[in-house]
Amino acid sequence: MRPAPTILHLDMDAFYASAEQAAKPSLRGKAVVVGGLGPRGVVATASYEARRLGVHSAMPTAQARRLAPNAAYLVPRFSLYRTVSDQVMELLGRLSPLVEPLSLDEAFVDLEAGGTADDSASARATGEGLRAAIRAVTGLSGSVGLAGSKMLAKIASEEAKPDGLLLIEPGTERELLAPMSVRILPGVGPATGDHLRRAGMTTVHDLAEAGEAELVRLVGKAHGHGLHRMALGLDDRPVVAERDAKSVSVEDTFDVDLHDRVRVRAEVERLAVRCVERLRAADRSGRTVVLKVRRYDFSTLTRSETLRGPTDDPTVVREAAGRLLESVDTTGGVRLLGVGVTGLADYTQEDLFAQAADARELAQRDREHDAPVAEGGGEEAVPEPEAASAEQLAARRWPAGHDVHHEEHGHGWVQGSGIGRVTVRFEEPWSAPGRVLTFRIDDPQLRPADPLPLVRESPDYSSWPASLPKSRSSGAAASEGGESRP
């Protein structure tokens, strides 16, 4: 534990949904749900307006529609979210060399290591300066927690939501934590929380009073020891700038089970290419290819193949995933497919071309060996993949919420599609709510487009945070939205 609250935790508020509201003036102040829109879709993020109606992340989209039938339901635009995340992380990097990203919208920062804070006043000033900078650069809000440990900084940011700042003064940790639910502590999920409740422990105070020996008896040695320390407000984990990814993977859940073997293989190959794109974006390569298949009965199978060297060649990964698929029985239907690469490295096998050629040659031999022969000596015709319906094709080409450009009407976003039509609202992040027009899905003047920036002219923060004061009184440093505990 540190004697000063110099560990900062930033959590962007309802990130995906807030980004969509910032990009679409007509949705500001309204319920917005971002996630999968099919029958098996899951909510990724809900705006605070939708949360007030009972919608939350990880909820099935079908249930969300029942709770909030008039909300806007949008397909995620990860290219936009990554761009905004990069802007936020760049600001965090100006505060300290020790930034530990947890996701696109969440990170720890060691302010002491960056020399941007050494006491409560300077930490508060830095936190408020960061919130102002994020809003100016991205147009979005983030909540900030400041404390002497990572655990408490994260709890503080959660308590500060939405759009606030909470600083926990060192020495007040136990008093703050005591009345809180045990679920506030890291590692206490629903199952552990229920187990502790049955033992009569519902608050952090109960855990602290129970003692380490009793917690070890209830949840095991390792977990019980850590749980007791956290209940006392003790957490010595450092902010780690480099968090090495152990794997890179992508997966898709399908609205309707896939039965056609050719379609299944085509989806596996598509996922393999997407996986390699992520691998290359991270400047990594991998040695082991992993295939994940969830079947119609929810049983999940994984298969893996270790290559003779690390690679980021899409052909190698695609062919390896295809070979792994051959060992999986997909009779009955497939509801989810995933392709991943593990054994990551910072280099690739030198003879990639030879490796790719070997993979193709092996795959060709397998096909020749397994190809059924029809009567008369000719090869049996390969069945065509299942044809997608017109509605499915329209939804794929024009996902709800995604950007489009019309040669006459300019930039807009898809409100919905169906019956051979696509409905578009024409507006930009800095415009007034725009008008709605409907077109044929094959209109030659309409095309998909890249997202626009959320802020038309981003301010110059090249000298930030040099202008931040190193030490100020709490009263002078605090601004609207900030508070201290206790």
Side-chain angles (χ1 to χ4, degrees), residues 12-28 32-38 41-47 57 72-93 101-107 134 137-142 245 248-253 267 270-284 312 314 338-341 394-406 410-417 422 424-431 446-458:
M12 300 295 289
D13 300 322
F15 183 46
Y16 297 172
S18 295
E20 296 297 347
Q21 288 177 316
K24 301 172 172 63
S26 59
L27 297 184
R28 292 170 192 168
V32 174
V33 179
V34 180
L37 304 190
V42 175
V43 174
T45 307
S47 69
S57 60
Y73 288 84
L74 309 176
V75 176
R77 295 188 296 160
F78 288 107
S79 61
L80 171 65
Y81 311 148
R82 291 191 186 97
T83 298
V84 176
S85 176
D86 289 344
Q87 292 175 312
V88 173
M89 295 302 166
E90 198 273 335
L91 290 173
L92 296 183
L102 303 180
S103 62
L104 289 175
D105 63 333
E106 186 180 2
I134 289 174
V137 171
T138 70
L140 304 181
S141 67
V248 172
S249 62
V250 295
E251 61 182 43
D252 270 350
T253 300
E267 293 293 342
R270 181 180 60 83
L271 289 169
V273 172
R274 283 175 52 196
C275 180
V276 170
E277 289 174 351
R278 289 193 180 182
L279 198 65
R280 288 181 169 180
D283 294 322
R284 306 299 294 274
D312 64 352
V339 175
V341 176
R396 290 177 193 170
R397 185 178 182 189
W398 308 112
H402 280 227
D403 299 84
V404 296
H405 182 84
H406 192 275
H411 189 91
W413 58 277
V414 176
Q415 281 200 329
S417 61
V422 55
V424 177
R425 183 181 287 272
F426 290 96
E427 60 186 5
E428 298 175 338
W430 41 82
S431 72
L446 189 67
R447 59 175 175 79
D450 293 328
L452 295 175
L454 300 183
V455 176
R456 175 177 269 178
E457 295 182 6
S458 184

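Interatomic distance, Arg77 CZ to Asp403 CG, rounded to the nearest 0.5 Å: 4.5 Å. Distance CG/Asp86 to CZ/Arg82: 9.5 Å, rounded to 0.5 Å. Taking CG from Leu452 and NE2 from His405, the interatomic distance works out to 10.0 Å, rounded to the nearest 0.5 Å. Atom CG of Leu80 is separated from atom CG of Leu454 by 5.0 Å, given to the nearest 0.5 angstrom. For the atom pair OG (Ser103) and CE (Met12), the distance works out to 10.5 Å, reported to the nearest 0.5 Å. Rounded to the nearest 0.5 angstrom, Arg456 CZ and Glu428 CD are separated by 6.5 Å.
Remark: side-chain polar atoms of His406 are not paired, donor with acceptor, to backbone N or O of Arg447 under 3.5 angstrom. In this structure, the side chain of Ser431 does not engage the main chain of Glu427 through any donor-acceptor pair within 3.5 Å. Checked by atom type and distance alone, the side chain of Ser85 never pairs as donor or acceptor with a backbone atom of Tyr81 at under 3.5 Å. Under a 3.5 Å cut-off, the side chain of Arg284 and the backbone N or O of Leu279 do not form any donor-acceptor pair. Side-chain atoms of Arg425 do not come within 3.5 Å of backbone N or O of Gly412 as any donor-acceptor pair.
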Derivation of the side-chain contact (heavy atoms from CB on, under 4.5 Å) call for Val339 and Arg274: CA-CA 9 Å; Val339 175; Arg274 283 175 52 196; over 6 Å; no
Evaluation steps, side-chain contact (heavy atoms from CB on, under 4.5 Å), between Val276 and Arg280: CA-CA 6 Å; Val276 170; Arg280 288 181 169 180; 3.9 Å; yes
Derivation and outcome, salt bridge (Lys or Arg N to Asp or Glu O under 4.0 Å), residues Glu267 and Arg270: CA-CA 5 Å; Glu267 293 293 342; Arg270 181 180 60 83; 2.4 Å; yes
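In this structure, the side chains of Trp430 and Pro25 stay at 4.5 Å or more apart for every pair of heavy atoms. Between Lys24 and Leu74 there is a side-chain heavy-atom pair separated by less than 4.5 Å.
When all heavy atoms of Ser249 and Arg278 are compared, the closest pair comes out as O-NH1, 3.1 Å. Heavy-atom minimum distance, Val404 versus Val414: CG1-CG2, 3.6 Å. When every heavy atom of Pro429 is checked against every heavy atom of Pro453, the shortest pair comes out as CG-O, 3.5 Å. Residues Ala14 and Ala46 come closest through the heavy atom pair CB-O, 3.7 Å. When every heavy atom of Leu104 is checked against every heavy atom of Met89, the shortest pair comes out as O-CE, 3.8 Å. Residues Phe15 and Leu140 come closest through the heavy atom pair CE1-CD1, 3.8 Å.
Each of Val84, Val32, Val34, Val33 was compared with Tyr16 under the side chain to side chain contact (heavy atoms under 4.5 Å, CB included) criterion, and only Val34 meets it.
Partners of Glu251 under the salt bridge (Lys or Arg N to Asp or Glu O under 4.0 Å) rule, at least two apart in sequence or in another chain, are Lys292.
Annotation: Asp450, atom CG; neighbour count of heavy atoms from other residues, nucleotides and ligands within 6.0 Å does not exceed 12.
Looking only at atom types and distance, the side chain of Ser18 has no donor-acceptor partner in the side chain of Asp13 under 3.5 Å away.
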